[in-house]
Amino acid sequence: MTMIHRVEIENFYSIRDRQTLDLRVPANAPRGSDHLASCWRGSAERAPKVVAVFGANGSGKSNLVRALSFAAWFVASSFARSPGWRLPYEPFNDEISSDRRTRLKFWLSGPESLGSSDQDGSGECPYCYELAIGNGESREVIEEAVFFWPSDTGRRTRLIERSEDGSVKASRLFGLTGYKGALDKVLRPNASVISTLAQLNHPIATAIAVWAQGTRSNTLIERVELEDEDVLRLYADEPELVARFNREIGRIDVGVRALEIRQGREGPEVWFQHEELAVPMPHFLESHGTRQFLKLFPLLEHSLATGAVAIIDELDAAIHSMILPEIIGWFHDPARNPFNAQLWMTCHNVSLLDDLSKDEIVFCEKDRRGRTHTYCLNDVKGVRRDDNYYRKYLGSVFGAVPRIG
């Protein structure tokens, strides 16, 4: 998945009614801005490389980014779950919504030449992934489809489409010949057709699953968060990741000079060298912020190196407000982000509004019936590029602020 430029979410946790975020920026947005990139290679339409979601506590910010994580997980990995496993999400909590379908749609960029890498210099075009899931007693896939818009026609073209009765149709370009019989036997109502075909080694389905698998998120579907042991293993297996971390940590934690990996009795251990301390310190004695940065850094680095999407819930929870612009700047920097990786983040630190363009700002607001509404700052009329977004947001000009009292 790369450069998501439009999202539709309906009946997913607190998002009851269909919410649409169109991140494509107006044609008069400044050219040459490091904050924006083409929606797909060669496109005149542009979208932000950073999407920052603001709103009050409980407004649904986490549910917005969770929808992205869920879709990426479902496309790539849902076939690995057991046949009777219940899909891990909830519809909106009212009587009507419990029987309504949950719908997700995402428009993103991908290679025009199917089966090629999105970094090999080939052309790109827009794709759309659509998913509808029935709720009630049985949570089953009702519809699933992948469409794209090749440049030679500019028309929406079906790659693969799954119907409520379980039947699957595909274009000749996608090619189901030789896979149809096996697919009919193993496709389950709680698994993605893409994930299933990837298990059958279908080349295009495998490529799509790999795109989705490239998404990195701290909003995990199967666990609350990445375990410390998993993080330590990442650093132990990738010495270059340690080197890149050490180039940045001095600006994140005052006094820390370097991270080092030691082999302990029960596996690899992370220790931190400090400027003025006699011996290195084990990671569990470090500050919460440093340990959180240790977890988040591999997610960010992977996205920057591959051009994938990074989804970080509450990036500012343990990172100092003066450091956040530095991290966001990694995604703005063409040298650090050569493949236009995209960062989706939720945050409460409104001072960050001073470091963002209006194209990068999204708001979540919950009404008195508990329904989340989402909108881009670009959707708010009369907002100028030279406005003080921080001051106007605190003054309730844009909405999406806490109600106190």
Taking all atoms of both residues into account, what is the closest heavy-atom pair of E260 and P280, and its distance?
OE1-CG, 4.0 Å
Could you walk me through whether S217 and S69 pass side chain to side chain donor-acceptor pair (under 3.5 Å), step by step?
CA-CA 7 Å; S217 175; S69 296; 2.8 Å; yes
Looking at F106, is R6 sitting on its ring face, NZ or CZ under 6.0 Å from the six-membered ring centre and within 45 degrees of the normal?
no
Answer yes when E45 and R24 have at least one side-chain N-carboxylate O distance shorter than 4.0 Å, and no when they do not.
yes
Does N135 use its side chain to pair, donor to acceptor, with the backbone of D99 at less than 3.5 Å?
no
Side chain to side chain contact (heavy atoms under 4.5 Å, CB included) evaluation trace for W344 with V50:
CA-CA 6 Å; W344 286 69; V50 173; over 6 Å; no
Under a plain distance cut-off of 3.5 Å, with no hydrogens placed, do N57 and H348 share a side-chain donor-acceptor pair?
yes
Run the salt-bridge test on K180 and D184 with the 4.0 Å N-O cut-off and return the result as yes or no.
yes
Residue pair H283 / L232, side-chain heavy-atom distance below 4.5 Å:
yes
Note: R100-E10 ion pair, threshold 4.0 Å (strictly below):
yes
Could you check whether any side-chain N or O of T372 sits under 3.5 Å from a backbone N or O of K366, counting only pairs where one atom can act as donor and the other as acceptor?
no
When the ring planes of F70 and W73 are compared, do they come out parallel, tilted or perpendicular, using 30° and 60° as the limits?
tilted
Rounded at 0.5 Å granularity, tell me how far SG in C128 sits from CG in L159.
11.0 Å
Indicate the atoms forming the closest heavy-atom contact of F174 with I160, along with that distance.
CE2-CD1, 3.5 Å
Going by an N to O cut-off under 4.0 Å, is there a salt bridge joining K358 and D379?
no
Looking only at heavy atoms, which two atoms of A400 and Y393 are closest? And how far apart?
O-OH, 2.5 Å
Under 3.5 Å donor-acceptor, R103 side chain and I133 backbone:
no
E248 bridged to R336 by N-O distance under 4.0 Å
yes
In terms of side-chain geometry, is the basic nitrogen of E143 or R101 positioned less than 4.0 Å from the acidic oxygen of its partner?
yes
Counting only N and O atoms by type, is there a donor-acceptor contact under 3.5 Å from the side chain of K61 to the main-chain atoms of G55?
yes
Hey, does R158 have a side-chain heavy atom less than 4.5 Å from the side chain of S171?
no
L23 and P48, any side-chain heavy atoms less than 4.5 Å apart
yes
Would you call S109 and Y127 a side-chain contact if the rule is heavy atoms closer than 4.5 Å?
no
R86 side chain reached by R81 side chain, heavy atoms, under 4.5 Å
no
Is there a donor-acceptor contact under 3.5 Å linking the side chains of H274 and E286?
yes
Step through the shown structure and confirm whether more than 12 heavy atoms of other residues, nucleotides or ligands are within 6.0 Å of CD1 on I96.
no
For L299, does its backbone N or O pair with a side-chain atom of S303 as donor and acceptor, under 3.5 Å?
yes
According to the interplanar angle, ranging from 0 to 90°, do the rings of F245 and Y235 count as parallel (below 30°), tilted (30 to 60°) or perpendicular (above 60°)?
perpendicular
Heavy-atom pair of closest approach, residues G134 and I142:
N-CG1, 3.3 Å
Does T196 reach the main-chain N or O of S192 with its side chain, forming a donor-acceptor pair under 3.5 Å?
yes
Surrounding OH of Y390 (heavy atoms of other residues, nucleotides or ligands, distance under 6.0 Å), is the total greater than 12?
no
Measure from the side-chain N and O atoms of N246 to the backbone N and O of L259, and report whether any donor-acceptor pair falls under 3.5 Å.
yes
Check for a donor-acceptor pair, side chain of N190 on one end and backbone N or O of S82 on the other, with a separation under 3.5 Å.
yes
Using distance alone, with no hydrogens and no angle criterion, decide if S163 and D165 have a side-chain donor and acceptor under 3.5 Å apart.
no
Does a side-chain heavy-atom distance below 4.5 Å link V231 with R233?
no
Is it the case that the side chains of S151 and E112 hold a donor-acceptor pair, with the cut-off being a distance below 3.5 Å and no angle test?
yes
Verify whether one side chain among Q213 and W211 offers a donor that lies under 3.5 Å from an acceptor in the other.
no
What do the steps show when you test L315 against T346 for side chain to side chain contact (heavy atoms under 4.5 Å, CB included), and what is the final call?
CA-CA 7 Å; L315 179 60; T346 68; over 6 Å; no
One pair to check against side chain to side chain donor-acceptor pair (under 3.5 Å): H373 and D367. What are the steps and the verdict?
CA-CA 8 Å; H373 302 273; D367 64 25; 3.0 Å; yes
Side-chain donor/acceptor of T215 to backbone N/O of A212, under 3.5 Å:
yes
If we ignore hydrogens and angles and just use 3.5 Å, is the side chain of E144 paired with the main-chain N or O of V193 as donor and acceptor?
yes
What distance separates E90 CD from S14 OG, expressed to the nearest 0.5 Å?
12.5 Å
Could you pull out the closest heavy-atom pair between R385 and A29, with the gap in Å?
NH2-CB, 3.3 Å
Please tell me if the side chains of F148 and L173 come closer than 4.5 Å, counting only heavy atoms from C-beta onward.
yes
Salt bridge or not for R262 and E269, using N-O below 4.0 Å?
no
Would you say the side-chain atoms of Y375 and Q19 include a donor-acceptor pair closer than 3.5 Å?
no
Quick one: does T206's side chain get under 4.5 Å of I194's, heavy atoms only?
no
Are there more than 12 heavy atoms of other residues, nucleotides or ligands under 6.0 Å from atom CD of E240?
yes
